Number of protein chains: 2
Amino acid sequence: MSLADLPLSIRTVSERTGLSCHVIRVWEKRYSTVQPRRSRGNQRIYSDADVVRLQRLRRLTEQGHSIGKLAHLNDEQLNQLISDEGAQVARPTPTAERATVSQSTHEIITRALAAVQEMDLHRLESILEAAILEVGQIGLLGKVIGPLAENIGQEWRQGRLHAAHEHLATATIRTFLGKMVRPFALSPSAPLLVATTPAGQLHELGAALVAASASVLGWRVTYAGTSLPAEEISRIAQVQSARVVALSLIHPEDDPFIPQELARLRRLLPQKTALIAGGRAIRAYSAALAENQIQAVHDLEELGEVLDALRRPTPGTIEDLPTPTNE
Amino acid sequence: MSLADLPLSIRTVSERTGLSCHVIRVWEKRYSTVQPRRSRGNQRIYSDADVVRLQRLRRLTEQGHSIGKLAHLNDEQLNQLISDEGAQVARPTPTAERATVSQSTHEIITRALAAVQEMDLHRLESILEAAILEVGQIGLLGKVIGPLAENIGQEWRQGRLHAAHEHLATATIRTFLGKMVRPFALSPSAPLLVATTPAGQLHELGAALVAASASVLGWRVTYAGTSLPAEEISRIAQVQSARVVALSLIHPEDDPFIPQELARLRRLLPQKTALIAGGRAIRAYSAALAENQIQAVHDLEELGEVLDALRRPTPGTIEDLPTPTNE
DNA sequence: TCGAAGGTGTCAATGTTTTGTCCATGTATT
DNA sequence: AATACATGGACAAAACATTGACACCTTCGA
């Protein structure tokens, strides 16, 4: 808006939408899907709105609608269709599609691991970047980055990767996740989540992963680093009126102080602040979690459900977010 | 004054932006991307702001935008494009925190500290973001973020800030610095720097600061996280053919193992790989640094000089007279 | 069941525009 | 004298536009 249309080339549009240049042009010619301006040299100049429209069209065509019928609908109608689809089609994911997805995530992870092995961080980043288009932001977090981190840890413990690999990968992924968190652009009324690890837990990727996921799901997020004592976590949660505190438990699986810390944290936090915990080590501490009404979350999918549930039943009014970000 | 607004030659600009001199000139001629002053002898004289602008243009062209369309946009619009680049969904940037203009670095730091005090991370980030336009990237790193980190550490040790504040600020600044590191490869011929801290040194901001600075100065950078044993650092340096390994020494000032680690590292690294060290604790280890031909760097300005000197004497030859490029 | 028709994505050929690089020549700087 | 820089022109590669053709699929009628 404020700053007029930003000029996008057809190649950029192709990359952002996942449609080939050919298709974009032929759709324009046959169905007038979008009508970009032209430069003096007759090259197409697209706007952000065009990209959004094309993304929607792509999504709908992949779900079986024919482009010929979609093309003449206006943006409103497309949006309507998408939300309908989201409600219905989300569950009965055809097994075929699921298979291809896991196929592709597996392949992505393999390639990412190879990049780590060769210490080619730039390539690692490119792979992750490109994967967003294939599996979506949430898919990337839950089905690529999560397993990837797990994998690297495993390889490291088994001596097939060195500490150097693990450090490099962690630093790179941490930076990547940092970029995914949108610090702005959310209405101040969105609920807030604090992501961190309790004192003694040094591994930061889990917390960063939760932070990124929550951000993508429309939460405001405060990422607080690792190894924080209960008082400090509580301080943050209270100053920021957090609705949820998310803890990541990964490495020391037998730290005798963790149960104490969890109990103290529960005591220090106001009752309306929910506590959730995830990470490989949650099983080891399951007793302490149960005692302190800390909800265990086993994967990012479950995190999404839990956050959805926690989103509404709390204080004040119903959310008034203008547009639920597509995806 | 100082490093931030020295007159820059086209060659220096070329090194810092990764664009060839040819391209810089031809962009100027065809699109008026920047219009540098001229010296008496008609040579181009660039400012730090020009470098920032060119870096952004380069980044955007690499992402698929065409220079012909970008060149006429103003700084504001470029800025927006860049931030949109990260988040897939295009959104209007909020106009928050835009009012104040032209602050001294001291004022900026004060306001940033206040934001930390109030745990308003969004504001902290906005302040830093806005400061780029006011003091340039290098100025931001050397005169704002560096002192700010120092300040926060001090306040914390003196009990005026809690660990929570320090953690939040560290995480936020770390993310911010991560975004400043060029996500793409410069000319593959650009020299490479590895930034990390030796085993036992846990504070990561120093290393991240060095990484960001070197990146802005036109180096390819590998950020390797904290607390790495000498073997691992050496492994990375060799796989990547690093020209420089930069170590940050901050917190434990009396770790007896550090001198050993430094000696081992010097032994493990090829002779052509330079070692430099910075951070508050370098004085405490000065003997060990001297013994192992590790150059001590006291501030980011000095870092700039040292890197410029290390840039050219590529292979083989002994380093000759330190000729600071920036006249 | 078969074949025709229409819808859809991909490709090849050809010409134009855009953009990065290079060369030659002249001037300034060291 | 040896670099480093400026300028203009030339050139080549990459990206884009346009047209027409083709292969694959679904649908529908014979």
Side-chain angles (χ1 to χ4, degrees), chain A residues 7-46 50-51 54 57-73 96, chain B residues 6-46 50 54-55 57-73 184-189 308 311-313 320-327:
Chain A
L8 304 170
S9 68
I10 193 168
R11 185 162 67 95
T12 316
V13 173
S14 162
E15 279 164 13
R16 290 199 186 175
T17 59
L19 299 165
S20 77
C21 296
H22 289 304
V23 169
I24 296 174
R25 277 193 283 255
V26 90
W27 279 9
E28 178 189 330
K29 180 176 170 181
R30 293 178 186 159
Y31 321 105
S32 305
T33 43
V34 295
Q35 276 153 333
R37 323 197 302 277
R38 297 301 183 110
S39 71
R40 272 192 307 285
N42 197 32
Q43 305 203 181
R44 293 171 174 82
I45 300 176
Y46 293 87
D50 294 332
V51 173
L54 287 173
L57 287 174
R58 162 164 187 226
R59 182 153 163 184
L60 288 171
T61 54
E62 281 183 353
Q63 287 183 337
H65 296 78
S66 78
I67 180 63
K69 288 169 198 149
L70 291 175
H72 305 297
L73 302 179
Chain B
L6 287 171
L8 305 169
S9 69
I10 194 169
R11 173 140 181 253
T12 319
V13 174
S14 163
E15 284 168 355
R16 291 194 184 173
T17 58
L19 298 164
S20 77
C21 296
H22 288 304
V23 168
I24 296 173
R25 276 192 283 256
V26 90
W27 278 10
E28 179 188 330
K29 179 177 165 181
R30 291 180 185 157
Y31 320 106
S32 305
T33 44
V34 295
Q35 277 150 334
R37 315 198 312 274
R38 297 301 183 111
S39 72
R40 279 187 314 282
N42 196 32
Q43 303 204 333
R44 291 172 174 81
I45 299 177
Y46 293 87
D50 294 331
L54 288 173
Q55 281 176 337
L57 287 173
R58 156 121 204 240
R59 175 159 165 184
L60 287 170
T61 53
E62 298 237 326
Q63 308 234 311
H65 297 81
S66 72
I67 181 61
K69 289 165 207 151
L70 290 175
H72 304 298
L73 302 178
F184 51 84
L186 295 220
S187 39
S189 66
D308 271 351
R311 169 161 218 136
R312 305 170 218 297
D320 32 19
L321 305 177
T323 322
T325 344
N326 31 16
E327 30 285 347

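Each chain gets a letter, A, B and so on, in the order its sequence line appears, and its residues count up from 1. This structure is a prediction, so every number in the text was calculated from the model and none was measured.
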Notebook entry, point to check: For D/dC16, does OP1 or OP2 lie under 4.0 Å from any side-chain N or O of A/S9?
Noted result: yes
Margin query: If I take atom CZ in residue A/R11 and atom P in nucleotide D/dA14, what distance separates them, rounded to the nearest angstrom?
Written below: 12 Å
Checklist line | Other residues, nucleotides, ligands: >12 heavy atoms within 6.0 Å of A/R38 CZ | finding: yes
Notebook entry, point to check: To the nearest angstrom, how far is B/H65 atom NE2 from D/dA14 atom P?
Noted result: 22 Å
Check: Are any of B/S66's side-chain N or O atoms less than 4.0 Å away from OP1 or OP2 of D/dA15?
Finding: no
Check: Given atom CZ of B/R40 and atom P of D/dA4, what is their separation to the nearest angstrom?
Finding: 20 Å
Check: CD1 of B/I45 versus P of D/dC5: gap in Å, rounded?
Finding: 12 Å
Notebook entry, point to check: Given that A/K69 and A/G41 both sit by DNA chain C, which one's nearest nucleotide is further toward the 5' end?
Noted result: A/K69
Check: Which nucleotide in the set D/dT7, C/dT21, D/dC5 lies at the smallest distance from any side-chain heavy atom of B/R44?
Finding: D/dT7
Item checked: Selection: residues 22-38 of chain B, any non-hydrogen atom under 4.0 Å of DNA chain D -> B/R25, B/K29, B/R38
Next item on the list: Could you check B/S39 against B/I67 and say which one's nearest nucleotide on DNA chain C is further toward the 5' end?
Entry: B/I67
Check: After noting the C-alpha distance and the side-chain angles of A/R44 and A/I24, does the key distance pass the side chain to side chain contact (heavy atoms under 4.5 Å, CB included) rule?
Finding: CA-CA 11 Å; A/R44 293 171 174 82; A/I24 296 174; 5.9 Å; no
Item checked: Polar side-chain atom of A/S14 near backbone of A/L19 as donor-acceptor pair, under 3.5 Å -> yes
Margin query: Nearest whole Å is fine: how far is C/dT10 C1' from A/L19 CG?
Written below: 14 Å
Next item on the list: Just compare C/dG20, C/dT29, C/dT17 and give me whichever is closest to any side-chain atom of A/Q43.
Entry: C/dT17
Notebook entry, point to check: Which residues satisfy the side chain to side chain donor-acceptor pair (under 3.5 Å) test with B/R30, sequence neighbours excluded?
Noted result: none
Next item on the list: Please check the phosphate of C/dT21 (OP1 and OP2 only) for any side-chain N or O of B/S20 closer than 4.0 Å.
Entry: yes
Notebook entry, point to check: Can you name the nearest heavy-atom pair linking A/Y31 to A/G68, along with the distance?
Noted result: CE2-CA, 4.1 Å
Notebook entry, point to check: When rounded to the nearest 0.5 angstrom, what distance separates CZ in A/R11 from SG in A/C21?
Noted result: 8.5 Å
Next item on the list: Look at the side-chain N and O atoms of B/N42 and state whether any lies under 4.0 Å from the OP1 or OP2 oxygen of D/dT7.
Entry: yes
Item checked: Nucleotide C/dT19, atom C1' - distance to CZ of B/R58 in whole Å -> 15 Å
Note to self: On a heavy-atom basis, which atom in B/H65 and which in A/L8 lie closest, and how many Å separate them?
What the structure shows: NE2-CD2, 3.3 Å
